[in-house]
Amino acid sequence: MVEIDGMKLVQTRSILHYIADKHNLFGKNLKERTLIDMYVEGTLDLLELLIMHPFLKPDDQQKEVVNMAQKAIIRYFPVFEKILRGHGQSFLVGNQLSLADVILLQTILALEEKIPNILSAFPFLQEYTVKLSNIPTIKRFLEPGSKKKPPPDEIYVRTVYNIFRP
């Protein structure tokens, strides 16, 4: 749940859409909004694997890292590499930062924490990640001591289990 503007919002996608609309991260027209939404949905499929990773049994975690890497390298990254190469712009949609960029950057950075060279075969995604990471507001957010949450640790996993355990 997120409390914002006097509302209590639930559901990840509703929260994302509200914040994206509020901060002009959802495109300039219906076509851009649709592309952004399509890219976000696709990226969230990969991000969900990362989110669930800490909750797997230790024996399954390494197998899942291999699975995530394969999916990213074979299915997801080639699509985004082609988009960036094809239109020659700095962002996925239009020529301004969008929710699709934020979600893709979050996913790439989280994957790089587990698989440091995952972008080695994707020069446009490498350049894109550097550019986005250097946008002043994003750069501040990524710096140590910011409000960015650290990767889940044992305490976090245990806390989540205790909350949701019947």
Side-chain angles (χ1 to χ4, degrees), residues 1-55 68-69 71-115 118-119 122-152 156 159-160 163-164:
M1 183 184 77
V2 171
E3 292 187 49
I4 187 170
D5 298 337
M7 298 183 296
K8 293 180 179 179
L9 301 177
V10 295
Q11 299 298 328
T12 301
R13 285 166 176 83
S14 296
I15 294 165
L16 289 174
H17 285 202
Y18 182 83
I19 293 169
D21 268 339
K22 181 176 178 159
H23 296 284
N24 300 314
L25 298 172
F26 227 162
K28 296 177 184 171
N29 55 47
L30 181 59
K31 181 180 178 182
E32 286 187 4
R33 183 184 200 104
T34 302
L35 288 171
I36 290 165
D37 203 31
M38 182 175 68
Y39 298 155
V40 166
E41 290 298 319
T43 307
L44 286 175
D45 291 344
L46 182 57
L47 184 59
E48 286 170 3
L49 297 175
L50 284 156
I51 291 169
M52 295 309 297
H53 184 263
F55 301 99
M68 284 187 286
K71 284 186 177 184
I73 291 168
I74 294 168
R75 183 190 294 168
Y76 293 93
F77 289 171
V79 171
F80 291 113
E81 182 81 358
K82 182 178 178 183
I83 292 165
L84 293 168
R85 182 179 54 240
H87 66 46
Q89 296 175 348
S90 297
F91 304 102
L92 288 173
V93 177
N95 206 14
Q96 69 181 39
L97 185 70
S98 74
L99 178 60
D101 298 303
V102 174
I103 298 298
L104 181 57
L105 178 64
Q106 175 188 9
T107 303
I108 289 170
L109 294 175
L111 277 166
E112 285 182 326
E113 287 176 359
K114 297 191 178 313
I115 311 155
I118 194 155
L119 290 181
F122 303 98
F124 285 88
L125 279 173
Q126 289 175 36
E127 183 180 331
Y128 168 85
T129 301
V130 170
K131 282 182 189 175
L132 263 58
S133 295
N134 282 304
I135 293 173
T137 51
I138 293 174
K139 187 174 183 172
R140 279 194 306 275
F141 181 76
L142 295 175
E143 289 175 351
S146 73
K147 293 182 179 182
K148 181 180 183 285
K149 292 182 180 180
Y156 174 82
T159 301
V160 169
I163 291 171
F164 290 108

Q: Considering all heavy atoms of both residues, which atom of Ile118 and which atom of Ala69 are nearest to each other, and what is their separation?
A: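 Of all heavy-atom pairs spanning Ile118 and Ala69, the closest is CD1-CA, 4.0 Å.
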Q: Using modelled atom types only, decide if a donor and an acceptor are shared between the side chain of Asp37 and the backbone of Arg33 within a distance under 3.5 Å.
A: no
Q: Run the side-chain contact (heavy atoms from CB on, under 4.5 Å) check on Leu44 and Arg13 step by step: do they pass?
A: CA-CA 10 Å; Leu44 286 175; Arg13 285 166 176 83; 3.8 Å; yes
Q: Looking at Thr43 and Leu104, what are the two nearest heavy atoms and their distance?
A: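 Heavy atoms of Thr43 and Leu104 come nearest at CG2-CA, 3.7 Å.
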Q: Parallel, tilted or perpendicular, judged at 30° and 60°: which one describes the rings of Phe55 and Tyr156?
A: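 Taking Tyr156 first and then Phe55, their aromatic rings sit tilted (interplane angle of 30° to 60°).
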Q: Measure across Ser133 and Ile138 and return the closest heavy-atom pair with its distance rounded to 0.1 Å.
A: CA-CG2, 4.0 Å
Q: In Å and rounded to the nearest 0.5 Å, what is the CD1 to OH distance from Ile15 to Tyr18?
A: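 Spacing of CD1 (Ile15) from OH (Tyr18) equals 11.5 Å.
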Q: Salt-bridge test for Asp45 and Arg75: reply yes if a basic N is under 4.0 Å from a carboxylate O, no otherwise.
A: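 A salt bridge is absent here (no side-chain N lies under 4.0 Å from a carboxylate O).
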Q: Could you go step by step and tell me if Val10 and Val2 meet the side-chain contact (heavy atoms from CB on, under 4.5 Å) rule?
A: CA-CA 7 Å; Val10 295; Val2 171; over 6 Å; no
Q: Please name the pair of heavy atoms, one in Glu81 and one in Phe124, separated by the smallest distance, quoted to 0.1 Å.
A: OE2-N, 2.9 Å
Q: Which heavy atom in Thr129 sits nearest to a heavy atom in Glu112, and how many Å separate them?
A: CG2-OE1, 4.4 Å
Q: Out of curiosity, Gln96 CD to Ser90 OG, how far, rounded to the nearest 0.5 Å?
A: 12.0 Å
Q: Nearest 0.5 Å, please: how far is CD1 in Ile135 from CZ in Phe141?
A: 13.5 Å
Q: Would Leu9 and Met1 count as a side-chain contact (heavy atoms from CB on, under 4.5 Å) here? Give the steps.
A: CA-CA 5 Å; Leu9 301 177; Met1 183 184 77; 6.0 Å; no
Q: Could you pull out the closest heavy-atom pair between Ile36 and Ala100, with the gap in Å?
A: CG2-N, 3.8 Å
Q: Is any side-chain heavy atom of Phe77 closer than 4.5 Å to a side-chain heavy atom of Ile108?
A: yes
Q: For atom CD of Glu143, is the number of surrounding heavy atoms from other residues, nucleotides or ligands below 6.0 Å larger than 12?
A: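 Count over threshold, so yes.
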Q: Nearest 0.5 Å please: distance from the OH atom of Tyr76 over to the CG atom of Leu125.
A: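 These two atoms lie 14.0 Å from each other.
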Q: Before accepting this row, confirm whether a basic side-chain N of the pair Glu48/Lys71 lies closer than 4.0 Å to the acidic partner's carboxylate O.
A: no
Q: Please check: side-chain N/O of Glu32 versus main-chain N/O of Lys28, any donor-acceptor pairing under 3.5 Å?
A: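 Checked: pair present.
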Q: Taking Gly94's backbone N and O only, do any of them form a donor-acceptor pair with His87's side chain (distance below 3.5 Å, no angle check)?
A: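 Looks like no, no N/O pair under 3.5 Å.
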Q: Can a donor-acceptor pair be found, under 3.5 Å and without considering hydrogens, that links the side chain of Glu3 to the backbone of Lys8?
A: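 Absent.
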Q: Which residues pass the side-chain contact (heavy atoms from CB on, under 4.5 Å) test with Lys114, sequence neighbours left out?
A: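 side-chain contact (heavy atoms from CB on, under 4.5 Å) check on Lys114 returns Leu50, His53, Val65, Met68.
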Q: For Tyr39 and Asp101, which I'm curious about, is there any donor-acceptor pair between the side chains at under 3.5 Å?
A: no
Q: Taking atom CZ of Phe80 and atom CG of Leu84, what is their separation to the nearest 0.5 Å?
A: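 If we round to the nearest 0.5 Å, Phe80:CZ and Leu84:CG are 9.0 Å apart.
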Q: Would you please test Leu142 and Leu109 for side-chain contact (heavy atoms from CB on, under 4.5 Å) and show each step?
A: CA-CA 10 Å; Leu142 295 175; Leu109 294 175; 3.8 Å; yes
Q: Taking atom CE of Met52 as the centre, does the number of heavy atoms from other residues, nucleotides or ligands within less than 6.0 Å exceed 12?
A: no
Q: Has the side chain of Asp5 got a donor or acceptor atom that lies under 3.5 Å from a matching backbone atom of Met7?
A: no
Q: If I take atom CD1 from residue Ile103 and atom CD from residue Glu41, how far apart are they, to the nearest 0.5 angstrom?
A: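 Output value for this atom pair is 10.0 Å.
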